[in-house]
Amino acid sequence: MNKVYALVDCNSFYVSCERVFNPSLKDKPVVVLSNNDGCAISRSQEAKDIGIPMGAPIFKCQDLVNRHDVKVFSANFVLYGDMSGRVMSTLSAFTPELEVYSIDEAFLSLAGFKNLDYLVYGRTIKNTVKGQTGIPVSVGIAPTKTLAKVANHIAKDNPKMGGVFCFSDEKDIDQWLEKTPVREIWGIGAEKALFLNRHGITNALQLKNAPDQWIKKHLTVLTLRTVMELRGIPSVTFEEILPNKKAIVTSRTFGHEVSSLNEMEEAIASYVSKASEKIRYQGSVAGYIQVFIETNPFKGSYYRNSASLDISPPTAYTPQLVGIAKKLLAGIYKQGYRYKSCGVMLTNFSDENAGQQDLFKPIYTKSSNQRLMKVVDTHNQSVNNSQLFFAAEGLKKAWYMNQSHKSKRYTTRWDELLEIKI
DNA sequence: TCTGGGGTCCTAGGACCC
DNA sequence: TCTGGGGTCCTAGGACCC
């Protein structure tokens, strides 16, 4: 049976989340900034129209912001994560097979739906999500995931489509592919687009018709998979169940530059704590840890370094991981630099219940340590806030990131509920 | 003068994604 | 003054083996 995929993508997702709880933002230019209020990572259509580029450092756009009274928000990931859950839960009613691809995108398999008018179904999906969550979405429908991405672009870029687009037949697909620059295809980044352009391949139709051997030789099997998808042959796997992460990274830019080892230790401890909470959540223990530090690459003398260690037996016990991380940090920390960020990576995971045992060392699993972590996690999840934390993380957190335009966590905190004044 | 050939495994780094 | 964070996968190249 032929496959059919719908890609549902939220429009300017973070901005749309802010608008749900603040209707005065409607029709206004709005941007949401990255952590530490650095770059614009979500822009309303109005903000795009006045020329604020994706990923632009906001201080470089200050003129535009002032001139057009752009509404600026700090990233509120607790709110966005919760809203994402609502959108996905709404979508799950429309298919037995849903792949949550990112915080604001999902693929729906419509393969088993016979005699379905896809365009009508797409519009129903769009209207239902808007009605139940307040989030506007675009829907693209096609025989492969890559083509569904293209269809979604078409739906977004052509207002007369009303936010929903479905390819009708082979000829229709080719006509649209001819108008699609290769750079816009899912999986073709700046580098590959440049290479393709140099060889005379500028649009998606030309890529679709390029010889397999040539693609494989110069652009790897990944691009060949993309080409197959453009030809209507599904080649990218559909994953209903989110596989466990293979690596967990926690890193942040500091609110201000840090030049004391003590503060660096606090930050590292804090990130280790966050990362280990995440691996416990997926039932993993880590067999490898890496710590990295970096000064500001935009000014002064630049220094970055990292240190790592294999952990045997693997563990998810925060105090142990913090201890190791601090030793690694001490090995790479150099006095006299002003650091801009640091981070921690945990990887080489195994299942906490199936880990290799070490005859001569205490093991994390089934120990009182594991029970202690369970108590901490259960408590912190129940109040949706890290109320229990380790003293090593520090109390003042002077290094913590800046977020001076943050909205409330309307949906996850009783004390931050939306207030309506009458 | 001249220095094999084929494996495997691991790691670092690149490219890409949102 | 001010430039995000978190992932995945692939390839090249080195180390090592016989």
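Note: hydrogens, waters and symmetry copies are ignored here, and every other heavy atom, side chains too, is used. Convention: sequence-line order gives letters A, B, ...; per-chain numbering from 1.
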What nitrogen or oxygen pairs link the protein and nucleotides 8-11 of chain B at under 3.5 Å?
none

Donor-acceptor pair between A:Ser138 and A:Asp9 side chains, under 3.5 angstrom: no
With sequence neighbours excluded, give me every salt bridge (Lys or Arg N to Asp or Glu O under 4.0 Å) pair touching residues 129-147 of chain A. A:Glu99-A:Lys145
Using the ring pair (Phe, Tyr, Trp, His ring centres under 6.0 Å) rule, collect all pairs that involve residues 187-209 of chain A, keeping only residues at least two apart or in two chains. A:Phe195-A:His199, A:Phe195-A:Trp214, A:Phe195-A:His218, A:His199-A:Trp214
Measure CG/A:Asn36 against P/C:dT3 and give the value in whole Å, please. 7 Å
For a quick check of understanding: with a heavy-atom distance under 4.0 Å over all strands, which category does A:Ala56 fall into, base, sugar-phosphate or nothing? nothing
Minimum heavy-atom separation for A:Leu177 and A:Asn203, please, with both atom names. O-CB, 3.9 Å
Quick check on DNA chain C: between A:Asn296 and A:Ile248, whose nearest nucleotide comes earlier from the 5' end? A:Asn296
Going by the rule side-chain hydrogen bond (donor to acceptor under 3.5 Å, both in side chains), which residues pair with A:Ser16 if we only count those two or more places apart in sequence or in a different chain? none
A:Phe13 CZ - B:dC18 C1' separation (whole Å): 12 Å
Any pair counted as salt bridge (Lys or Arg N to Asp or Glu O under 4.0 Å), so long as it reaches residues 172-201 of chain A, sequence neighbours left out: A:Asp174-A:Lys208
Between CD of A:Gln403 and C1' of C:dG4 the distance, given in whole Å, is 11 Å
For A:Asp69, which residues count as a side-chain hydrogen bond (donor to acceptor under 3.5 Å, both in side chains) partner, sequence neighbours excluded? A:Lys71
What is the distance, to the nearest angstrom, from the CD1 atom on A:Ile41 to the C1' atom on B:dC18? 10 Å
Applying a 3.5 angstrom cut-off to the pairing atoms, does DNA chain B sit in any stems of at least three consecutive Watson-Crick or G-U pairs? List them by first number. B:5-18 with C:5-18
side-chain N/O A:Ser34 vs C:dT3 OP1/OP2, d < 4.0 Å: no
In short, ring pair (Phe, Tyr, Trp, His ring centres under 6.0 Å) pairs touching residues 44-99 of chain A with sequence neighbours left out are A:Tyr14-A:Phe77, A:Tyr14-A:Tyr80, A:Phe77-A:Tyr80, A:Phe94-A:Tyr121
May I ask you to decide if A:Arg43's main-chain N or O and A:Ser12's side chain share a donor-acceptor pair within less than 3.5 Å? yes
Distance only, no hydrogens: is a donor on one side chain within 3.5 Å (strictly under) of an acceptor on the other, for A:Thr318 and A:Ser276? yes
Neighbours of DNA chain B within residues 176-211 of chain A, by heavy-atom distance under 4.0 Å: A:Arg183, A:Ile185, A:Trp186, A:Gly187, A:Ile188, A:Gly189, A:Ala190, A:Glu191, A:Lys192
All N/O pairs under 3.5 Å across the protein-nucleotides 13-15 of chain C interface:
none

Does A:Gln62 reach a base, just sugar-phosphate, or nothing at all? Heavy atoms under 4.0 Å. nothing
Under the side-chain hydrogen bond (donor to acceptor under 3.5 Å, both in side chains) definition, can you give me all pairs with a residue in residues 321-349 of chain A, not counting sequence neighbours? A:Glu257-A:Arg338
Distance check needed: C:dT3 P versus A:Glu294 CD, whole Å only. 12 Å
Output, in order, the C-alpha distance, side-chain angles, deciding distance and verdict of side-chain contact (heavy atoms from CB on, under 4.5 Å) for A:Val70 and A:Ile50. CA-CA 10 Å; A:Val70 177; A:Ile50 61 169; 3.6 Å; yes
Under the side-chain contact (heavy atoms from CB on, under 4.5 Å) criterion, do A:Ile135 and A:Cys17 qualify, and how do the steps go? CA-CA 7 Å; A:Ile135 301 291; A:Cys17 290; 4.1 Å; yes
Do A:Phe59 and the base of C:dT3 stack face to face, with centres under 5.5 Å apart and an angle between planes under 30°? no
If you look at every strand shown and take non-hydrogen atoms under 4.0 Å, does A:Ser341 touch a base, only sugar-phosphate, or nothing? nothing
Does a nitrogen or oxygen in the side chain of A:Lys149 sit under 4.0 Å from OP1 or OP2 of B:dC18? yes
Between B:dC17 (P) and A:Asp104 (CG): distance, integer Å: 15 Å
I need the CZ-C1' distance between A:Phe254 and C:dC2, as an integer number of Å. 17 Å
Name all pairs fulfilling the salt bridge (Lys or Arg N to Asp or Glu O under 4.0 Å) condition that reach into residues 389-402 of chain A, sequence neighbours left out, sorted by first residue then second. A:Glu393-A:Lys397
By nearest nucleotide on DNA chain C, pick out whichever of A:Leu222 and A:Gly55 is the more 5' one. A:Gly55
Integer-rounded Å distance: C:dG7 P and A:Asn244 CG: 12 Å
Short question: side chain of A:Asn380, backbone of A:Leu388 - any donor-acceptor pair under 3.5 Å? yes
